[in-house]
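Please read the structure below before turning to the comments.
So you know, we letter chains A, B, ... as the sequences are listed, proteins then strands, and number each from 1. These numbers were taken from a predicted model, which means no experiment stands behind them.
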Amino acid sequence: RSSDLKHPAPKAKMVHWTAEEKAAIHSVWKQVDVEKDGQETLSRVLITYPWTQRYFSSFGDLSNAAAICNNPKVKAHGKKVLAALGGAAQHLDNIKSTLAHLSELHADTLHVDPENFKLLGQCLVIVLARKLGAAFTPEVHGAWEKFVAVSCAALSKHYN
Amino acid sequence: MTLTDAEKAAVLSLWRKVSGNLEALGAEALERLFSAYPQTKSYFSQFDVSHGSADLRYHGAKILGAIGEAALHLDDFNLALSKLSELHAYNLRVEPVHFQLISHAVQTVLAAHYPEEFTPETHAAWDKYLAAVSAFLTIKYR
């Protein structure tokens, strides 16, 4: 109709996921242990990139790898982080709004540099590769990197 | 960026296991790199990048071999990497950030194949080591 041509509906900017990518993300997510894998992921971030400990000065003993791996606050926080990513994995077509409140929190209150989201994403991929081995094929890995990148972008949205 | 004795030991011990399987592991690192970061394919337009191709096995082995050679010269990368440093600066001009991408791909291969060995400490040592190699390979960029 002519009225449609005058006022076309705004295009929704959605991430396009292939069926294979969605299947890969969901099948990996099913095998995630939010508590154990969250703890390992955050521990690896704090150990591999020690400057990130700056954001966790209230967490107590982070003085060496063993202390970090056994730290109960690291464990609790790792679980929280991975649970939030799980929320995004369940809403692949809506990651931006799913993570919007966390984007605000990280930008306005926590003041975490978005670079750190990438570092955590990399450590999560390492944890998944260790856990799943050959099942974490290059294709599945690629889908998961895309998921991590989209989630990082969503978390960075509110910064500027 | 200097590696501690413990970090050097972690790099070398895992390298010894990798060194017997350079083609398969190197090909897989490149496959993962291309799958996770498609922009990296720009350097390989003439390659057969299909799974397990001869190109991937040959070139992957070359890359891992160079990483291993550098591991045997941790106190002076010049001995192992000076020609490669010039190659990357004047000839290949690989995007500086792509070194981080391939480093992550290599570490993912290590994690997938050597989960027991790739402890948090070993992971940290390898990440630091590959960052040092990358820094050396880009040292002549400008």
Side-chain angles (χ1 to χ4, degrees), chain A residues 18 20-21 24-25 28 36-37 39-53 62 64-71 74-75 78 115 118-150 152, chain B residues 1 3-4 6-7 10-11 14 21 24-41 49-53 56-57 60 97 99-132:
Chain A
T18 65
E20 290 79 15
E21 286 168 342
I25 292 161
V28 168
K36 188 164 171 291
D37 298 337
Q39 175 180 28
E40 189 184 339
T41 298
L42 186 56
S43 296
R44 283 178 183 264
V45 172
L46 296 169
I47 292 164
T48 308
Y49 313 106
W51 55 91
T52 59
Q53 294 168 25
L62 300 176
N64 57 49
I68 289 168
C69 291
N70 291 305
N71 185 305
V74 171
K75 179 176 180 175
E115 184 64 23
K118 275 198 283 179
L119 298 183
L120 190 134
Q122 289 193 329
C123 287
L124 175 56
V125 165
I126 296 286
V127 167
L128 295 173
R130 275 190 82 226
K131 185 172 184 160
L132 303 174
F136 197 63
T137 64
E139 293 72 31
V140 170
H141 175 180
W144 202 259
E145 291 279 356
K146 181 172 167 179
F147 168 64
V148 163
V150 171
C152 287
Chain B
M1 196 181 338
L3 296 173
T4 65
E7 288 164 344
V11 168
L14 188 47
N21 203 5
L25 296 177
E28 187 182 318
L30 287 173
E31 271 194 72
R32 289 183 181 283
L33 180 70
F34 299 150
S35 180
Y37 313 109
Q39 66 270 32
T40 57
K41 288 190 277 192
V49 296
S50 59
H51 176 69
S53 77
L56 287 185
R57 290 174 68 84
V97 76
F99 289 93
Q100 290 169 44
L101 303 184
I102 198 173
S103 158
H104 177 58
V106 167
Q107 288 179 71
T108 307
V109 170
L110 297 178
H113 288 265
Y114 305 101
E116 294 305 315
E117 293 86 341
F118 210 65
T119 62
E121 291 94 322
T122 297
H123 170 185
W126 270 87
D127 194 270
K128 186 173 168 182
Y129 167 61
L130 291 174

To the nearest 0.5 Å, how far apart are [atom1] in [X] and [atom2] in [Y]?
X        : Y        : atom1 : atom2 : answer
A:Ile47  : B:Asp127 : CD1   : CG    : 12.5 Å
A:Lys146 : B:Tyr37  : NZ    : OH    : 14.5 Å
A:Gln122 : B:His104 : CD    : NE2   : 5.0 Å
A:Glu145 : B:Leu33  : CD    : CG    : 10.0 Å

(request) Using the test ring pair (Phe, Tyr, Trp, His ring centres under 6.0 Å), find all partners of A:His141 that sit at least two apart in sequence or belong to another chain. (result) A:Phe136

(request) Not counting sequence neighbours, which residues clear ring pair (Phe, Tyr, Trp, His ring centres under 6.0 Å) with B:Tyr114? List them please. (result) none

(request) Looking only at non-hydrogen atoms, find the nearest pair between A:Cys69 and B:Pro120 and report the distance. (result) SG-CG, 4.1 Å

(request) Specify which of B:Glu121, B:His51, B:Arg32 makes the most heavy-atom pairs with chain A at under 4.5 Å. (result) B:Arg32

(request) Quick one: which of B:Ala125, B:Pro38, B:Pro115 has the most heavy-atom pairs under 4.5 Å with chain A, could you say? (result) B:Pro115

(message) Counting C-beta onward and ignoring hydrogens, is there a side-chain heavy-atom pair between A:Thr48 and B:Trp126 closer than 4.5 Å?
(response) no

(message) Strictly distance-based, threshold 3.5 Å: is any side-chain N or O of B:Thr108 a donor or acceptor partner for the main-chain N or O of A:Ile126?
(response) no

(request) Under 4.5 Å, counting heavy-atom pairs only, tell me which of A:Ala129, A:Ala149, A:Ala143, A:Gly142 racks up the most with chain B. (result) A:Ala129

(message) Let's go through B:Phe118 and A:Arg44 carefully: what are the C-alpha distance in whole Å and the side-chain angles of both, what is the deciding distance for side chain to side chain contact (heavy atoms under 4.5 Å, CB included) to 0.1 Å, and is it a yes or a no?
(response) CA-CA 11 Å; B:Phe118 210 65; A:Arg44 283 178 183 264; 4.1 Å; yes

